[in-house]
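Presented below is the structure to which this report refers.
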Amino acid sequence: MLDIFKAIILGIVEGITEFLPISSTGHLYLADYIVKLSQPKAFIDMFMVVIQLGAILSVIVIYFHKLNPFSPKKSSREKGQTWQIWFKVIVAVLPSVIIGLPLNDWLEAHATTWQVISATLIIYGVLFIILENYYSKKEPSLTNLNSLSYQTALLIGCFQVLSLVPGTSRSGATILGAMLIGCSRFVSTEFSFFLAIPTMFGASLLKLVKFFKTGHVFVGNQLAILLVGLVVSFIVAYLSIKFLLKYVQTHDFKPFGWYRIILGIIVIACGLIFA
């Protein structure tokens, strides 16, 4: 029963941090020190990735109409635009597939350390602050998602590759990259949400296959723990996305940059204390 409660806490952490540019990995790393599941390492590693599915489902629910090319409420032109969005998302996810799959096991074995996580938290926190200082003096050249070119989508996908390093933040890397190449905060944020769908579904599926392929099965209340984490992350992520969409319309990302820097320092302190 205690692990169910811990799954709720971890689901809340995942739901809040998956789409905010502050690194869900960094937060789950900290949370793991406080509410570590009383389960084998293989299950914990799988759980930490697969609960992201709950967060991704919240994107699908919120944007179901916008992302549904078969909606009878859409005109032929609108359906065509929807297909174009999906094609651009597929193009954007290619760099992560081509580069990420071969590096996945190596990064998992060597990069999931407090040193790497703290460094990426701080580095990208500083970059967000620098970018916003630069961005405030310029007008974005792309303010409509339908105007996003395939070349721009591919470039954003290349920035997403940076998030393979733990602590970077997938949403942070894609939003930062999209803004650097001229997208508005709102377009950058929305496209980051859409890009998360195939990316995180693929990562979760890969982790599940690896879990079962290595001979592991759900025992005891492990399935219940996973389902609780999924449901909680879905609910919290839904609220988190609604918040971020309103936030970016009137605010910049500098507070998230400072937050990342502070969190990075906390991770360093925890690493030195518990190492």
Side-chain angles (χ1 to χ4, degrees), residues 11-28 30-31 52 54-67 85 89 92 120-148 152 156 159-160 162-163 167-197 199-200 232-264 266:
I12 292 172
V13 172
E14 165 60 28
I16 292 173
T17 60
E18 180 59 44
F19 297 108
L20 300 183
I22 53 179
S23 174
S24 58
T25 303
H27 285 79
L28 288 172
L30 279 177
Q52 295 171 342
I56 301 309
L57 287 172
S58 66
V59 176
I60 295 173
V61 170
I62 290 172
Y63 286 101
F64 184 77
H65 176 70
K66 187 167 186 175
L67 293 175
I85 290 174
V89 166
T120 50
L121 281 168
I122 293 171
I123 289 169
Y124 284 94
V126 171
L127 286 174
F128 259 120
I129 294 169
I130 293 173
L131 173 64
E132 282 293 0
N133 286 333
Y134 167 78
Y135 195 78
S136 62
K137 302 170 186 175
K138 297 190 68 176
E139 286 294 323
S141 57
L142 199 156
T143 57
N144 188 319
L145 187 61
N146 291 321
S147 301
L148 189 79
T152 301
I156 295 172
F159 279 101
Q160 181 175 248
L162 297 172
S163 68
T168 298
S169 169
R170 192 207 56 78
S171 62
T174 51
I175 290 172
L176 193 71
M179 289 174 63
L180 273 172
I181 55 182
C183 297
S184 69
R185 291 188 190 92
F186 193 83
V187 169
S188 301
T189 302
E190 270 205 335
F191 193 70
S192 174
F193 292 161
F194 301 159
L195 188 50
I197 297 172
T199 301
M200 300 319 302
V232 173
S233 69
F234 168 81
I235 295 170
V236 178
Y238 183 95
L239 299 174
S240 179
I241 291 171
K242 290 289 189 180
F243 160 78
L244 189 58
L245 288 173
K246 289 183 179 179
Y247 178 90
V248 297
Q249 293 181 32
T250 53
H251 298 78
D252 63 30
F253 286 110
K254 275 196 272 190
F256 294 114
W258 286 112
Y259 179 84
R260 288 179 64 97
I261 293 170
I262 294 169
L263 181 65
I266 294 172

If the condition is side-chain contact (heavy atoms from CB on, under 4.5 Å), which residues does [X] pass it with, not counting sequence neighbours?
| X | value |
| --- | --- |
| Y259 | I22, H27, L263 |
| Y135 | E132, P140, M179, S184, R185 |
| I262 | I266 |
| Y134 | L131, K138 |

Out of curiosity, [X] [atom1] to [Y] [atom2], how far, rounded to the nearest 0.5 Å?
| X | Y | atom1 | atom2 | answer |
| --- | --- | --- | --- | --- |
| T120 | L127 | OG1 | CG | 11.0 Å |
| I156 | I175 | CD1 | CD1 | 10.5 Å |
| L148 | I181 | CG | CD1 | 7.5 Å |
| F186 | T143 | CZ | OG1 | 11.5 Å |
| I129 | W258 | CD1 | CH2 | 4.0 Å |
| I60 | L67 | CD1 | CG | 8.0 Å |

Determine whether E18 and S58 satisfy the following criterion, side-chain contact (heavy atoms from CB on, under 4.5 Å), listing intermediate values before the conclusion. CA-CA 11 Å; E18 180 59 44; S58 66; over 6 Å; no
At their closest point, which heavy atom of [X] faces which heavy atom of [Y], and how far apart are they?
| X | Y | value |
| --- | --- | --- |
| V13 | T17 | O-OG1, 2.7 Å |
| I122 | G264 | CG1-CA, 3.9 Å |
| L195 | A92 | CD1-CB, 3.6 Å |

List in chain and number order the residues that pass ring pair (Phe, Tyr, Trp, His ring centres under 6.0 Å) with [X], two or more places apart in sequence or in another chain; answer none if no residue qualifies.
| X | answer |
| --- | --- |
| Y63 | F194 |
| F193 | F19 |
| F191 | none |

Flag, side chain of R260 to backbone of I123, donor-acceptor distance under 3.5 Å: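 Side chain of R260 to backbone of I123: no pair is present.
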Closer than 3.5 angstrom, by distance alone: can the side chain of S147 be matched with the main-chain N or O of L142 as a donor-acceptor pair?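 No, the answer is negative, given that no donor and acceptor are paired below the 3.5 Å cut-off.
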Pairs where residues 240-250 contributes a residue and the test side chain to side chain donor-acceptor pair (under 3.5 Å) is met, not counting sequence neighbours: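 Sorted pair list comes back empty.
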Set of residues satisfying side chain to side chain donor-acceptor pair (under 3.5 Å) with respect to [X], sequence neighbours excluded:
| X | result |
| --- | --- |
| S23 | none |
| S163 | none |
| S188 | none |

Given side-chain contact (heavy atoms from CB on, under 4.5 Å), test I85 with N146 step by step and report yes or no. CA-CA 7 Å; I85 290 174; N146 291 321; 4.0 Å; yes
Tell me, do F253 and L176 make a side-chain contact under 4.5 Å, heavy atoms counted?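 Result no, sub-4.5 Å side-chain heavy-atom pair not found.
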Please examine the side chains of V232 and E14, heavy atoms only from C-beta on, and report whether any two atoms are closer than 4.5 Å.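 No, side chains not in contact.
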Steps toward side-chain contact (heavy atoms from CB on, under 4.5 Å) verdict (F256, L244): CA-CA 11 Å; F256 294 114; L244 189 58; 4.3 Å; yes
With sequence neighbours excluded, give me every salt bridge (charged side-chain N to carboxylate O under 4.0 Å, His left out) pair touching residues 169-182.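 Listed by first then second residue: nothing to list.
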